[in-house]
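Taking it in order: structure first as structure tokens, then the write-up.
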There are 2 protein chains.
Amino acid sequence: MELHHVRYFLVLCEEQHFSKAARRCGISQPSLTNAIKRLEQSIGGALFQRRPRAAPTQLALAIKPDLEQILISTELAHRKAKRLSFERNLD
Amino acid sequence: MELHHVRYFLVLCEEQHFSKAARRCGISQPSLTNAIKRLEQSIGGALFQRRPRAAPTQLALAIKPDLEQILISTELAHRKAKRLSFERNLD
DNA sequence: AATGCTTACGGGTCACGTAATGATT
DNA sequence: AATCATTACGTGACCCGTAAGCATT
């Protein structure tokens with residue numbers, strides 16, 4: 001499980017549509033399919049139904065809040081690190 | 001910034017020694033050097049002094065607690081996901 | 001036929017190991 | 001010389017896009 005997978009997962013949860021989610025992620029639809037497949041393999045279970053919609057499974061809904069929190073924390077930490085780094089480089 | 005980088009970073013913070021940290025991470029010393037270099041590039045600043053020891057910089061110490069929390073949260077979420085997936089597969 | 005997801009394939013990047021080099025003690 | 005980190009180089013995995021295939025409506 002890597003962070004870019006988590007990003008794609010959360011967008012797809014919102015869109016419930018591979019094409020639209022891929023567009024929002026800035027990647028192609030097949031790439032998103034592959035990324036989600038890898039995440040599902042890493043976890044060992046399906047995260048989305050495919051038909052008729054890309055609806056999150058119960059498993060996906062259960063872990064979604066945790067992954068949202070992780071992504072937010074990561075973005076904050078990265079931003080903080082870059083800011084501190086920038087400030088230190090002024091000395 | 002990806003999660004395996006974060007893992008390596010935290011181990012190196014503890015060991016303050018590339019060889020030992022690499023061994024604990026299960027990778028070679030040159031691979032650890034590369035991984036840390038990438039993380040430093042992603043952030044924009046040095047995370048470790050190299051001589052005489054691989055001592056964490058102030059920047060590294062400042063973000064270490066955040067990254068520890070992220071890693072713990074990630075491991076918990078992944079474990080939870082695998083457990084739920086396993087239980088569902090019994091149905 | 002149209003829409004939507006998956007599979008197939010080729011190219012670039014990154015992770016990794018081994019070997020060689022550089023720097024410090 | 002010994003120790004420790006970096007650089008060089010080759011291999012394999014992964015991410016990505018385009019194109020083709022399959023399924024549902």
Side-chain angles (χ1 to χ4, degrees), chain A residues 1-61 64 67 70-71 74-75 78 81-82, chain B residues 1-61 64 67 70-71 74-75 78 81-82:
Chain A
M1 188 170 75
E2 287 294 340
L3 289 171
H4 60 280
H5 291 140
V6 174
R7 284 189 200 103
Y8 298 162
F9 166 81
L10 293 174
V11 173
L12 184 53
C13 277
E14 283 187 23
E15 296 290 346
Q16 310 208 357
H17 191 108
F18 275 78
S19 301
K20 292 180 189 171
R23 208 172 309 134
R24 259 187 61 189
C25 292
I27 64 176
S28 69
Q29 186 190 57
S31 294
L32 183 60
T33 290
N34 278 324
I36 296 297
K37 191 191 299 182
R38 289 215 188 269
L39 186 57
E40 288 177 325
Q41 285 171 348
S42 153
I43 286 174
L47 292 169
F48 295 92
Q49 289 175 344
R50 263 62 173 192
R51 289 175 210 100
R53 299 201 153 250
T57 61
Q58 287 188 6
L59 171 60
L61 294 177
K64 182 171 172 248
L67 298 187
I70 287 168
L71 192 61
T74 302
E75 286 169 353
H78 195 215
K82 284 196 291 189
Chain B
M1 187 170 74
E2 287 294 340
L3 288 171
H4 61 279
H5 292 139
V6 174
R7 286 192 197 100
Y8 298 161
F9 166 80
L10 293 174
V11 172
L12 184 53
C13 275
E14 281 186 25
E15 296 290 347
Q16 311 209 356
H17 190 109
F18 276 78
S19 301
K20 292 180 189 172
R23 208 172 308 134
R24 261 186 59 188
C25 293
I27 64 175
S28 69
Q29 186 189 58
S31 294
L32 182 59
T33 291
N34 277 326
I36 296 297
K37 192 191 299 182
R38 288 211 191 271
L39 186 57
E40 288 177 325
Q41 284 171 347
S42 153
I43 287 174
L47 292 170
F48 296 92
Q49 289 176 346
R50 264 64 172 189
R51 289 176 210 98
R53 298 198 155 251
T57 61
Q58 288 188 6
L59 172 59
L61 294 176
K64 181 169 172 250
L67 297 186
I70 287 169
L71 192 61
T74 302
E75 286 169 353
H78 195 216
K82 285 197 289 191

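Below, read A as the first sequence line, B as the second, and so on, with proteins coming before strands; counting in each chain starts at 1. This structure is a prediction, so every number in the text was calculated from the model and none was measured. We use all heavy atoms of the structure for the numbers below, so side chains are in, but hydrogens, waters and symmetry mates are not.
- With rounding to the nearest 0.5 angstrom, the CD atom of A:E75 is 9.5 Å from the CG atom of A:L3.
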Exercise. Walk me through it: do B:E2 and B:S42 pass the test side-chain contact (heavy atoms from CB on, under 4.5 Å)?
Key: CA-CA 10 Å; B:E2 287 294 340; B:S42 153; over 6 Å; no
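- Residue pairs meeting the salt bridge (Lys or Arg N to Asp or Glu O under 4.0 Å) criterion with at least one partner in residues 33-42 of chain A, sequence neighbours excluded, are A:E40-A:R50.
- The interatomic distance linking A:F48 (CZ) with C:dT6 (P) rounds to 11 Å, in whole Å.
- Among the atoms of the strands shown, base atoms are found under 4.0 Å from some heavy atom of A:S31.
- Side-chain nitrogen and oxygen atoms of A:R50 include at least one within less than 4.0 Å of the OP1 or OP2 phosphate oxygen of C:dT6.
- Both A:L32 and B:H17 lie close to DNA chain D; mapped to their nearest nucleotides by heavy-atom distance, the more 5′-ward contact belongs to B:H17.
- Taking both residues in full, the closest heavy atoms of B:A46 and B:L59 are given as O-CD2, 3.7 Å, listed atom of the first, atom of the second, then distance.
- One atom, NE2 of B:H4, and another, C1' of C:dA15, lie 7 Å apart when rounded to the nearest Å.
- Results of the side chain to side chain contact (heavy atoms under 4.5 Å, CB included) test with B:H5 over B:L67, B:L39, B:I43 single out B:L39 as the only residue that passes.
- Across the protein-nucleic acid pair, A:Q29 atom CD and C:dC5 atom P stand 5 Å apart, rounded to whole Å.
- We find that CG of B:L39 is positioned 15 Å from C1' of C:dC14, with the value rounded to whole Å.
- End-to-end axis angle of the helix from C:dA1-D:dT25 to C:dT25-D:dA1, using five pairs per end and rounding to 10°, comes to 10°.
- Where A:P52 and A:I27 each meet DNA chain D at their nearest nucleotide, the meeting point lying more 5' is that of A:I27.
- Across every non-hydrogen atom of A:A35 and A:Y8, the tightest pair is CB-CD1, 3.6 Å.
- Per the geometry, CG belonging to A:L47 stands 12 Å off P belonging to C:dT6, to the nearest Å.
- Between the CG atom of A:L12 and the P atom of C:dG4 there is a distance of 14 Å, given to the nearest Å.
- Contact annotation for A:Y8: backbone-only contact, meaning every heavy-atom pair under 4.0 Å involves sugar-phosphate atoms and none involves a base.
- You can see that DNA chain D meets the heavy atoms of chain B within a 4.0 Å-exclusive cut from D:dC4 to D:dT7, reading 5' to 3'.
- Going from atom CZ of B:R38 over to atom C1' of C:dC14 covers 5 Å, rounded to whole Å.
- The phosphate of C:dT7 has neither OP1 nor OP2 within less than 4.0 Å of any side-chain N or O from A:T33.
- Results of the side-chain hydrogen bond (donor to acceptor under 3.5 Å, both in side chains) test with B:E15 over B:K20, B:R24, B:R53 single out B:R24 as the only residue that passes.
- Note: CD (A:E15) to C1' (C:dG4) measures 15 Å, nearest angstrom.
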